[in-house]
Structure formats: C-alpha cells, structure tokens
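Numbers restart at 1 for each chain; the letters A, B, ... are given by sequence-line order, proteins then strands.
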Protein chains: 2
Amino acid sequence: MQTRRRPYHHGDLRAALLIRAEETLRDKGPTALSLRELARDLGVSHGAPNRHFPDKQALLDALALIGFERLIEISTAAQERAGESFAEQLDALARAFVDFALTNAALLDLMYSVKHAPEASEALRAAEQRFGQQVVDMIGEGQRRGEVREGPWQRLALPVFTTLRGYAGLAANGTLPTETAEHGLDDVIAYILRGCAPD
Amino acid sequence: MQTRRRPYHHGDLRAALLIRAEETLRDKGPTALSLRELARDLGVSHGAPNRHFPDKQALLDALALIGFERLIEISTAAQERAGESFAEQLDALARAFVDFALTNAALLDLMYSVKHAPEASEALRAAEQRFGQQVVDMIGEGQRRGEVREGPWQRLALPVFTTLRGYAGLAANGTLPTETAEHGLDDVIAYILRGCAPD
DNA sequence: ACCTGAACACCGTTCAAGT
DNA sequence: ACCTGAACACCGTTCAAGT
C-alpha cells in the first residue's frame with residue numbers, strides 16, 4: 001500500500017493498531033488477535049504497541065470504545081433521518097442496532113463482554129451509558145407525544161433496551177433459525193410497541 | 001486434597017478438567033483459562049488434556065454445553081415449582097435465568113459468544129435450541145390458557161426470549177445502574193406480560 | 001486406552017538501548 | 001517521544017515413547 005520507506009516513527013501507530021485490530025477481529029475472530037501479529041502486519045517491532053497500550057486489554061477496551069462510538073453515530077444518524085413518531089424512531093434505532101450487530105459481530109461481543117466489566121475505563125462506561133441514554137431519550141420523547149405509556153422513563157427504557165440488545169446479540173452470533181430471522185425484527189419491533197403503548 | 005498417590009491414569013481426567021476449567025473461568029475470567037495450567041492444577045502432564053479435547057476450543061464448547069444443560073435444568077425445575085398461570089411461569093423462568101446469569105456470568109458469555117457460532121458442535125446447538133424451546137412451550141401453553149395473545153408461537157417467543165436474554169446479559173456484566181437493577185427485573189417481567197397480553 | 005515429556009512455533013510484557 | 005531487539009516466562013499443539 002505504502003511505497004515510501006517507513007520512517008522510524010510510524011506516524012500514528014496507535015490509530016493503525018486499532019484499525020488493523022478491528023480487521024482481524026472481524027475476519028479471524030477474537031482468538032486470532034495478537035499484539036505481535038499486529039506489530040508484524042504494520043512493520044513495527046513487537047514491543048512498539050506497548051508504548052500506546054499498556055497491555056492487550058487496554059487495546060481491547062479502546063476497540064470496544066470505538067465500537068460504542070460508531071454505534072451511537074450510526075443510530076443517531078438513523079434516528080435523525082427517520083420520522084418523528086415513536087414508532088418510526090424505534091424502528092430506526094432497532095434497525096441501526098441490528099445492522100451494526102450483523103456487520104460488527106465480534107466487536108459487539110467485545111463491547112458487552114464481561115471481561116472488562118468491573119474495571120473498565122471511565123470512557124468506555126460513559127460511552128455505554130450514552131447509548132443507553134439514547135433509548136431513554138426516545139422513550140421520554142414518546143411520552144411527551146402521548147405515544148408511550150406514562151411512568152418513570154428508565155423503568156420502561158430498561159426493558160426496551162434489553163430487548164434490542166438481546167436481539168442484536170442473537171442476530172450477531174447467527175443462532176436465529178433462518179425462517180424466524182426473516183420477520184424476526186419486525187415481530188420484535190411490534191412487540192416493543194405493545195409493551196410501550198399507553199393503556 | 002488427595003493424599004493417595006495419583007496413579008498413572010487419572011480416573012476421569014475429562015470431567016476433572018471441565019470442573020476445574022469452570023472454577024477458573026468463574027474466579028479469574030476467560031483470559032486466565034489455560035490448558036497447561038489446568039493440567040498443572042490436576043497434577044497431570046501438559047499434553048494429557050489433548051487426549052480428551054482435540055483443542056482448547058473443544059474444551060470451551062464442552063463448557064458451554066454444560067452451561068446450557070445446567071440452565072435448562074435450573075429453569076425447568078423453577079417452572080415446575082411455580083404455579084400454572086402464564087404470569088407465574090414467566091416469572092419463574094425469568095428469575096431462574098437471571099440467577100444463572102449472576103452466578104455464571106463468564107460462562108453465559110461463553111455460551112452465547114460468537115466464537116464458536118458458525119461451526120459449533122451439534123450437541124451445543126441442540127442444547128441452545130432446547131432452552132429456546134422452553135420459551136416457545138411456555139408461550140404455547142399461555143395461549144392455550146387464553147392468557148397470551150393469538151398468533152404463531154415463534155413470532156412471539158422470539159421477542160420474549162430476546163428480552164430475557166438481553167436482561168440476563170446486562171445483569172451478568174454488571175452494567176446496570178444499581179438503582180435500576182433494584183426493580184429492573186420486575187419492570188422487565190411486567191413489560192413482557194404487556195407484550196404478550198391478548199388485545 | 002491413556003499419559004509423559006521433549007520439541008516447535010507461537011504468545012504478552014519488560015526494559016535497556018538506540019534514534 | 002517513540003521505537004528496537006533481546007530476554008523472560010508463558011502459551012497450544014504435535015508426537016514419539018512409555019505404562
């Protein structure tokens with residue numbers, strides 16, 4: 001790709017590591033992800049990554065953070081494109097989430113893995129919350145429009161988020177029987193709407 | 001623990017490996033799981049595990065299978081203990097699932113990991129389906145009792161399962177804000193009931 | 001049938017030394 | 001400030017050889 005001789009400094013090794021890491025995560029799975037191979041691919045010594053990530057877990061955390069940021073970006077864009085009704089907003093969010101899950105299956109796994117759960121970086125937890133907040137906001141707006149049942153936001157946002165997250169996870173690992181995957185998401189959206197409908 | 005000198009044959013090395021593997025999975029996480037350390041812990045040579053599991057992934061698959069079997073056992077028992085109404089059956093299943101998730105967080109992660117998704121063993125996929133079937137059966141029975149809306153079973157079972165799976169996952173990785181975790185499951189159950197209620 | 005132990009090709013992490 | 005390269009203590013997997 002790069003014809004110029006690589007200089008002593010890579011330029012932006014940190015970013016390059018993350019990009020390459022995500023590629024191998026997608027193509028060969030999390031088990032195949034190795035710092036040494038990453039370094040080899042980028043034509044850099046095996047010790048170099050340690051300058052940018054104190055250990056492998058730090059790279060995985062950074063990868064997960066990127067995942068959340070992309071997910072937020074994609075779903076926000078989808079919701080802005082969609083109509084204002086709660087049904088349309090939910091539809092947009094759900095499809096964006098599942099799209100993301102299908103094209104970033106291994107990354108999604110990483111994002112919600114227990115591995116970095118207890119001591120995850122502040123930034124990672126914040127990004128996770130920010131995506132959750134998107135659901136909370138959607139519910140709140142739906143209530144204001146009278147399209148969603150009354151009650152504390154979070155106590156409805158949690159079940160809704162839970163359903164979306166569950167379906168995205170199932171879609172990602174491909175365990176859905178093909179027939180049900182067909183209209184699966186439509187059914188899930190309809191069911192969420194019922195769960196949210198005013199009495 | 002064992003005062004008798006260990007004989008040449010371990011006796012049941014396969015079972016011992018799985019038990020020990022689950023312990024370290026629970027205590028030290030999936031990253032810390034190594035065949036060589038397992039062998040060391042059991043006082044056996046590092047090559048011995050390979051007689052029982054062709055590779056590490058095979059051990060992980062076997063572990064996931066055990067997880068599904070235990071989950072099915074626990075939730076079946078809970079449902080048998082519970083009352084016959086759909087609400088009671090759902091409550092029992094949901095609480096059993098979340099209990100399992102909380103006490104087997106890393107194992108649950110493994111069970112639904114994308115890692116062994118495409119080429120998982122037949123037994124593993126079967127166990128996964130068997131647990132899903134439990135939800136399908138519950139919905140079917142609820143319909144027969146007139147407590148669940150009409151319609152094809154799976155098209156309602158999928159959203160319901162999705163919600164349970166999503167909540168179990170969130171509970172397992174501990175990302176639920178503590179206040180919402182408090183009444184979270186109650187809210188989720190109520191929401192599922194609304195999603196299933198006849199018109 | 002089941003296990004040992006050496007061998008091989010990998011890892012992650014550390015750290016002096018180089019630029 | 002950023003990277004190299006040797007060193008260390010680990011891996012998983014294979015395979016002849018032992019019991």
Nearest-Å distance, [atom1] ([X]) to [atom2] ([N])?
X	N	atom1	atom2	answer
B:L38	D:dC11	CG	P	10 Å
A:L33	C:dC11	CG	C1'	12 Å
A:R14	D:dC3	CZ	P	13 Å
A:H52	C:dT13	NE2	C1'	16 Å
A:F53	D:dC2	CZ	C1'	14 Å
A:Q57	C:dG12	CD	P	12 Å
B:K56	C:dC11	NZ	P	14 Å
A:L42	D:dC2	CG	C1'	15 Å

Just by distance, no angles: are the side chains of [X] and [Y] close enough, under 3.5 Å, to form a donor-acceptor pair?
X	Y	value
A:S75	A:Q134	yes
B:T163	A:Y191	yes
B:Q79	B:T76	no

Run the salt-bridge test on A:E128 and A:R125 with the 4.0 Å N-O cut-off and return the result as yes or no.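 A salt bridge is absent here (no side-chain N lies under 4.0 Å from a carboxylate O).
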
If you check the [X] side chain, which of [options] turns out closest?
X	options	answer
A:R51	D:dT14, D:dC2, C:dC3	D:dC2
B:S45	C:dT14, C:dC3, C:dC11	C:dC3
A:E37	C:dC11, C:dT13, D:dC3	C:dC11
A:V44	D:dC3, C:dC3, D:dT13	D:dC3

Pick the closest DNA chain C nucleotide for A:P54 and for B:A48 by heavy atoms, then say which residue is nearer the 5' end. B:A48

Polar atom pairs between nucleotides 7-10 of chain D and protein, under 3.5 Å, N or O only, would you list them?
unit_1 : atom_1 : unit_2 : atom_2 : d
D:dA7  : N6     : A:H46  : NE2    : 3.4

For this output row, return yes or no: ring centroids of A:F68 and A:Y112 closer than 6.0 angstrom. yes

Aromatic ring proximity B:F97/B:F131, centre distance under 6.0 Å: yes

Let me have DNA chain D in dot-bracket notation, would you? Count Watson-Crick plus G-U wobble pairs, both distances under 3.5 Å, and use [ ] for pairs crossing earlier ones and | for inter-strand partners. ||.|||||...|||||.||

CA sep, side-chain torsions, deciding dist, call: A:R95, A:D91, salt bridge (Lys or Arg N to Asp or Glu O under 4.0 Å): CA-CA 6 Å; A:R95 290 185 198 284; A:D91 191 86; 2.9 Å; yes

Quick one: side chains of residues 33-40 of chain A, donor-acceptor pairs under 3.5 Å with protein atoms, not counting sequence neighbours, listed by atom name and distance.
unit_1 : atom_1 : unit_2 : atom_2 : d
A:S34  : OG     : A:R36  : N      : 3.4
A:S34  : OG     : A:E37  : N      : 2.9
A:E37  : OE2    : A:K28  : NZ     : 3.3

May I ask whether A:V136 and A:I72 are part of the same hydrophobic cluster, defined by side-chain heavy atoms of I, L, V, M, F, W, Y residues being less than 4.5 angstrom apart, directly or through others?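 Looking at the clustering, A:I72 is in a separate group from A:V136.
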
